[in-house]
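Okay, structure first, notes after.
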Amino acid sequence: QVQLVESGGGLVETGGSLRLACLASGFADDEYAVGWFRQAPGKERERLSCVGRPWGKITYMNFMGGRFSISNDDAKGMVYLQLKDLNPDDTGVYFCAAVDDWGHSCGALAVNDWDYWGQGTQVTVSS
């Protein structure tokens with residue numbers, strides 16, 4: 001059974017940084033994708049970035065001015081999202097999600113195409 005557990009959220013001041021982590025486990029094989037999403041208060045969930053295994057193909061669906069970067073550690077089953085130069089508009093719940101059949105283009109998948117979701121981690125940026 002696929003499980004996704006996010007961590008690393010918290011309260012930071014404007015200009016601060018956070019590294020979010022997603023522990024992904026339970027996949028039937030090594031061909032799947034993990035993505036990061038966020039949902040700001042009162043807004044729809046938006047796609048940020050994803051990495052497709054086993055080739056490690058990274059896609060940024062929202063460039064975020066280069067402030068966010070995704071990375072993964074396959075040995076640990078971890079996918080990270082580094083957040084830099086945060087501002088209050090970055091406040092929201094950040095989710096990781098996974099999909100088995102990513103079609104080798106995880107960036108083309110809509111939010112509803114992702115099969116598995118974590119519980120989310122709250123990021124709050126104070127002004």
Side chain to side chain contact (heavy atoms under 4.5 Å, CB included) assessment of Tyr94 paired with Leu81: CA-CA 10 Å; Tyr94 286 68; Leu81 186 69; 4.3 Å; yes
Test log, rule side chain to side chain contact (heavy atoms under 4.5 Å, CB included), inputs Met61 and Cys50: CA-CA 8 Å; Met61 296 84 91; Cys50 60; 3.7 Å; yes
Criterion side chain to side chain contact (heavy atoms under 4.5 Å, CB included) on Trp36 and Arg47, from CA distance to verdict: CA-CA 7 Å; Trp36 280 100; Arg47 306 173 305 155; over 6 Å; no
Candidate pair Phe37 and Trp114, rule side chain to side chain contact (heavy atoms under 4.5 Å, CB included), full reasoning: CA-CA 11 Å; Phe37 302 75; Trp114 294 77; 3.4 Å; yes
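Note that OG of Ser49 is 11.0 Å distant from CZ of Phe63, once rounded to the nearest 0.5 Å. The distance from atom CG of Asp29 to atom CG of Asp100, rounded to the nearest 0.5 Å, is 7.0 Å. To the nearest 0.5 Å, atom CD of residue Glu44 and atom CD of residue Glu46 are 10.0 Å apart. The line from CD1 of Ile58 to SG of Cys106 is 9.0 Å long, rounded to the nearest 0.5 Å. Distance CD/Gln119 to CD/Glu6: 4.5 Å, rounded to 0.5 Å. Here Leu18 contributes atom CG and Tyr80 contributes atom OH; the two are 15.0 Å apart, rounded to the nearest 0.5 Å.
Residues Phe27 and Tyr32 bring their aromatic ring centres within 6.0 Å.
In the hydrophobic clustering of this structure, Val93 does not group with Val79; members are Ile, Leu, Val, Met, Phe, Trp, Tyr whose side-chain heavy atoms approach within less than 4.5 Å, directly or through other members. If you chain together hydrophobic residues whose side chains sit under 4.5 Å apart, Leu23 and Leu48 never meet in one group. Val123 and Tyr60 fall within the same hydrophobic cluster, defined by Ile, Leu, Val, Met, Phe, Trp and Tyr side-chain heavy atoms under 4.5 Å apart, directly or through other members. Each of Val125 and Phe95 belongs to its own hydrophobic cluster when Ile, Leu, Val, Met, Phe, Trp and Tyr are linked at side-chain heavy-atom distances under 4.5 angstrom. Side-chain heavy atoms closer than 4.5 Å link hydrophobic residues (I, L, V, M, F, W, Y) into clusters, and following such links, possibly through other members, connects Met64 to Val34.
In the displayed structure, Glu31 atom CD is contacted under 6.0 Å by more than 12 heavy atoms of other residues, nucleotides or ligands.
A distance-only check finds no donor-acceptor pair linking the side chain of Lys84 to the backbone of Phe68 [under 3.5 Å]. No donor-acceptor distance shorter than 3.5 angstrom exists from the side chain of Gln82 to the backbone of Ser69, with no hydrogens or angles considered.
Proximity of Gln122 to Thr91: side-chain heavy atoms (C-beta onward) are separated by under 4.5 Å at one or more points. Leu109 has its side chain within reach of Trp102: a pair of non-hydrogen atoms, C-beta onward, lies under 4.5 Å apart. You'll find the side chain of Ser7 stays beyond 4.5 Å of the side chain of Leu20, heavy atoms only.
A cation-pi contact links Arg45 to Trp117, judged by a cut-off of 6.0 Å to the six-membered ring centre and 45° from its axis.
In plain terms, the two heavy atoms of Gly107 and Thr59 that are nearest each other are CA-CG2, 3.7 Å. Considering all non-hydrogen atoms of both residues, Pro88 and Thr14 come closest at CD-OG1, 3.4 Å. Closest approach of Leu4 and Cys22 over heavy atoms only: CD2-SG, 4.0 Å. For the pair Arg67 and Leu86, the tightest heavy-atom approach, listed with the atom from each and the gap, is NH1-CA, 3.9 Å.
For the side chain to side chain donor-acceptor pair (under 3.5 Å) with Arg53, the qualifying choice from Asp30, Asp74, Asn72 is Asp74, the only one to do so. When Asn62, Asp90, Thr121 are each tested for a side chain to side chain donor-acceptor pair (under 3.5 Å) with Arg38, only one passes: Asp90.
A donor-acceptor pair shorter than 3.5 Å cannot be found between the side chains of Asp85 and Asn87.
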